[in-house]
Engineer: 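Following this message is one structure expressed as structure tokens.
Hydrogens, waters and symmetry mates play no part in the numbers below; they use all other heavy atoms, side chains included. Chain naming here is simple, since letters A, B, ... match the order of the sequence lines and numbering starts at 1 in each.
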Amino acid sequence: MADISRSIPCVLEELQSRKLLQDSTDTSLLAQRLASGPVSIYHGIDPTAPSLHLGNLIGVLVLRRFQLEGHRPIALVGGATGMVGDPSGRSEERNLLDADTLAANLSGIRAQLEKLLDFDNNAVLVNNYDWTRNLTLIEFLRDTGKHATVNQMVAKQSVRSRMQSDAGISYTEFTYMLMQAYDFWWLHTNHNCELQVGGSDQWGNIAAGVDLIRRRTATQVHGLTWPLLTRSDGTKFGKTAEGSVWLDPERTSSYRFHQYFMQVTDEDVGKMLLQFTMLSVSEIAELVEAHQREPQHREAQRRLAFEVTSLVHGSTQASAAESAAKILFGSPVEKVDEAALQAVAQEVPTSLLVRTPQGGFDAATGSFSLVDLLVATGLATSKGDARRGLAEGSVYVNNQRASSSAATVFSDQLLYGRYLLLRRGKRRHHLLRSH
RNA sequence: GGGUCGGUGCCCGAGUGGCCAAAGGGAACGGGCUGUAAACCCGUCGGCAUAGCCUUCGGAGGUUCAAAUCCUCCCCGGCCCA
């Protein structure tokens, strides 16, 4: 590896040291090509939702890295292929998207991409529906299908595993690979695209495109993949118990987004800094070293969370998430000023504190039942769960542990007369607010 | 279509008339830790409630003092035969 890296120019070397290089077509050829001038490079994104998620972020950031080196990124949103469905990594036939959903998804994704890639400079956003829409079957079979053998296609792991499953694979999904190959060919022909990048599950599809272009135009283009992310605990990357981590703040608030990275385990933090931030490799090495010396400061996680949140939501949001976390995870809530509390309200689930029996209010004593408040805020799933929580000491009022014997909250405990910060366990917060 | 085995709590899975809110494992959650980490230890894990009560074992009926367990019909899945 060491002897190769000497001949690899900047970007490839960079990707390699960031653990973002899994497979590629002939490395030395690709290296030569990248060294000789700007290359157009494409990465495809499935528009299955109106927002990107963390899984997509890697790819977009790879494009960004290329763009920073002077290359030209082409972000392809798969309007057409989204209607077909990629069998890669899927055990079941996929639901196809209808035109309206697709249009909505495309516009959502476009907005997010604009923050990460510089379209005013030379980045391009394309939708493969534009050139697939008018493609006739005959044309496709003659110019594309002709160059692919079924033997080869069937040999692909993604296809084979599905053929062996009970559900099978539809002809439609089977053809996906060729559509993606066609995209590469089209971009090669019309945008002079010479490199396709993707996650390692895309390798088969990328290779199919490289083959197609060689057969049709007798030119050598390139492909490159990064390893699919796994976390050391084996859980799927970018997923929480609640589901995917989205870039859309409506789906995953910037605070939660920030928290996702704050809570990354020590084992993964170095790799994630490399793959998700634009910090230099050497700076990351220093950070990781410092972190290993004093892991309790969580400097690496803090930096990771801030950097990624800044990239996606902007540094203002990142700072807001950071200071909210400082309050929520610090101890003496009484010292927090009201403005900060209001800021926190933007970040964590908040609801209205109402002085009614349903809201857990006892007019006779002017106090609230903590059990009822916990249920009302969703911090407990039932009264039994709430009592259990109190018994095991997992309930905190204004960051102070509450006990079963003192399960009432009096009005004078409200901060600034109107805020009440509830917490269940270490990291589930809820802010109650009255008028 | 015939045969056969099965459908149990978030998941896997024991239980085949009362001792069953239902073993065990996993996940999850909480506590102890420390660091919003991991590992580990402990605990919780249907609901309401002071003992106790109520609602659950694919669905609907039935037998019985008593059913997840027995009977009838229906729905769904695996396997074998056609």
Engineer: Across all strands shown, which nucleotide pairs with B:rU4 by Watson-Crick or G-U wobble geometry, both distances under 3.5 Å?
Structural biologist: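 B:rU4 is paired, partner B:rG78.
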Engineer: Measure from the side chain of A:S394, starting at C-beta and using heavy atoms only, and say which of B:rC45, B:rA37, B:rG31 lies closest.
Structural biologist: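 Comparing B:rC45, B:rA37, B:rG31 against the side chain of A:S394, the answer is B:rG31.
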Engineer: Which listed nucleotide (B:rC45, B:rG35, B:rA38) is nearest to the side chain of A:R388?
Structural biologist: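 Side chain of A:R388 sits closest to B:rC45.
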Engineer: So which nucleotide from B:rG47, B:rG35, B:rG43 ends up closest to the side chain of A:E392?
Structural biologist: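 Looking only at heavy atoms from C-beta outward on A:E392, the closest nucleotide is B:rG43.
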Engineer: CG of A:D266 versus P of B:rA37: gap in Å, rounded?
Structural biologist: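 Going from A:D266 (CG) to B:rA37 (P), I get 10 Å.
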Engineer: For B:rA60, what is the paired nucleotide under Watson-Crick or G-U wobble rules, both distances under 3.5 Å?
Structural biologist: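 B:rU72 is the nucleotide pairing with B:rA60.
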Engineer: Suppose we define a pair by two distances each less than 3.5 Å, Watson-Crick or G-U wobble; what does B:rA39 pair with here?
Structural biologist: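 Per the H-bond distance test, none.
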Engineer: Could you tell me whether A:F306 and A:F261 have their ring centroids closer than 6.0 angstrom?
Structural biologist: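 Not under 6.0 Å, so no.
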Engineer: Has the side chain of A:E338 got a donor or acceptor atom that lies under 3.5 Å from a matching backbone atom of A:Y416?
Structural biologist: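 Here the side-chain-to-backbone pair does not exist.
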Engineer: Taking all non-hydrogen atoms of both residues, which atom of A:L224 and which atom of A:L12 are closest, and how far apart?
Structural biologist: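 Distance-wise, the nearest heavy atoms are CD1-CD2, 3.5 Å.
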Engineer: Determine the interplanar angle of the A:F140 and A:Y182 rings, folded into 0 to 90°, and report it as parallel if under 30°, tilted if 30 to 60°, perpendicular if over 60°.
Structural biologist: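 Ring orientation, 0 to 90° scale: perpendicular.
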Engineer: Students often get this wrong, so: under 4.0 angstrom with heavy atoms, is A:A391 touching a base, only sugar-phosphate, or nothing?
Structural biologist: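 Nothing, no nucleic acid heavy atom in range.
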Engineer: Does the salt bridge (Lys or Arg N to Asp or Glu O under 4.0 Å) test come out yes or no for A:E14 and A:R18, once each step is laid out?
Structural biologist: CA-CA 6 Å; A:E14 164 98 5; A:R18 284 183 183 271; 2.7 Å; yes
Engineer: Set out, line by line, the N/O atom pairs under 3.5 Å between protein and nucleotides 49-51 of chain B.
Structural biologist:
{"unit_1": "B:rA49", "atom_1": "OP2", "unit_2": "A:R387", "atom_2": "NH1", "d": "2.8"}
{"unit_1": "B:rA49", "atom_1": "OP2", "unit_2": "A:R387", "atom_2": "NH2", "d": "3.0"}

Engineer: Go through it in stages, so that I can follow the logic: the residues are A:Q202 and A:Q196, the test is side chain to side chain donor-acceptor pair (under 3.5 Å), and I'd like the CA-CA distance, side-chain angles, deciding distance and then a yes or no.
Structural biologist: CA-CA 10 Å; A:Q202 292 297 306; A:Q196 182 182 176; over 6 Å; no
Engineer: For A:Q301, which contact category applies under a 4.0 Å heavy-atom criterion: base, sugar-phosphate, or nothing?
Structural biologist: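 Result for A:Q301 = base.
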Engineer: When the distance from CZ of A:R424 to C1' of B:rC29 is rounded to whole Å, what number comes out?
Structural biologist: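 Between C1' of B:rC29 and CZ of A:R424: 7 Å.
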Engineer: Counting heavy atoms from C-beta on, name the nucleotide in B:rU44, B:rG32, B:rU36 closest to the side chain of A:R401.
Structural biologist: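 Output: B:rG32.
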Engineer: With a 4.0 Å cutoff (strictly under), does any side-chain N or O of A:Y255 reach OP1 or OP2 of B:rU36?
Structural biologist: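 For B:rU36, OP1/OP2 do not have a side-chain N/O of A:Y255 under 4.0 Å.
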Engineer: Taking atom P in both B:rG59 and B:rA67, what distance in whole Å separates the two?
Structural biologist: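 Taking atom P in both B:rG59 and B:rA67, they lie 16 Å apart.
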Engineer: Look at A:R388 together with A:E392 and state whether they make a salt bridge at an N to O cut-off of under 4.0 Å.
Structural biologist: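 No, no charged N to carboxylate O under 4.0 Å.
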Engineer: Quick check: on RNA chain B, is the nucleotide nearest A:S382 upstream (toward 5') of the one nearest A:P295, or the reverse? Name the residue that is more 5'.
Structural biologist: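 Nearer the 5' end of the strand: A:P295.
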Engineer: Check every atom of B:rG47, B:rA37, B:rG30 against the side chain of A:K426 and return the nucleotide holding the closest atom.
Structural biologist: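 Closest of the options to the side chain of A:K426: B:rA37.
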Engineer: Start at the 5' end of RNA chain B and walk down; is the nucleotide closest to A:A325 or to A:R423 reached first?
Structural biologist: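 Nearest nucleotide further toward 5': that of A:R423.
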Engineer: When you measure only distances, ignoring hydrogens and angles, does the side chain of A:Q259 come within 3.5 Å of the base of B:rU36 through a donor and an acceptor?
Structural biologist: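 When only heavy-atom distances are counted, A:Q259 does reach the base of B:rU36 through a donor-acceptor pair under 3.5 Å.
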Engineer: Does B:rU16 have a Watson-Crick or wobble partner in any strand here, with both distances under 3.5 angstrom, and which is it?
Structural biologist: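 When the pairing criteria are applied, nothing turns out to pair with B:rU16, so the answer is none.
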Engineer: On the nucleotide B:rA37, are OP1 or OP2 found under 4.0 Å from the side-chain N or O atoms that A:R302 carries?
Structural biologist: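 For A:R302, the contact criterion (side-chain N or O under 4.0 Å from OP1 or OP2 of B:rA37) is not met.
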Engineer: Looking at B:rC33, which nucleotide sits across from it as a Watson-Crick or G-U wobble partner, both distances under 3.5 angstrom, or is there none?
Structural biologist: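 Looking at the geometry, B:rC33 pairs with no nucleotide.
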Engineer: I'd like to know if the side chain of A:H297 reaches the main chain of A:E299, judged simply by a donor and an acceptor atom lying under 3.5 Å from each other, with no hydrogens or angles considered.
Structural biologist: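 Pair absent, no side-chain N/O of A:H297 close to backbone of A:E299.
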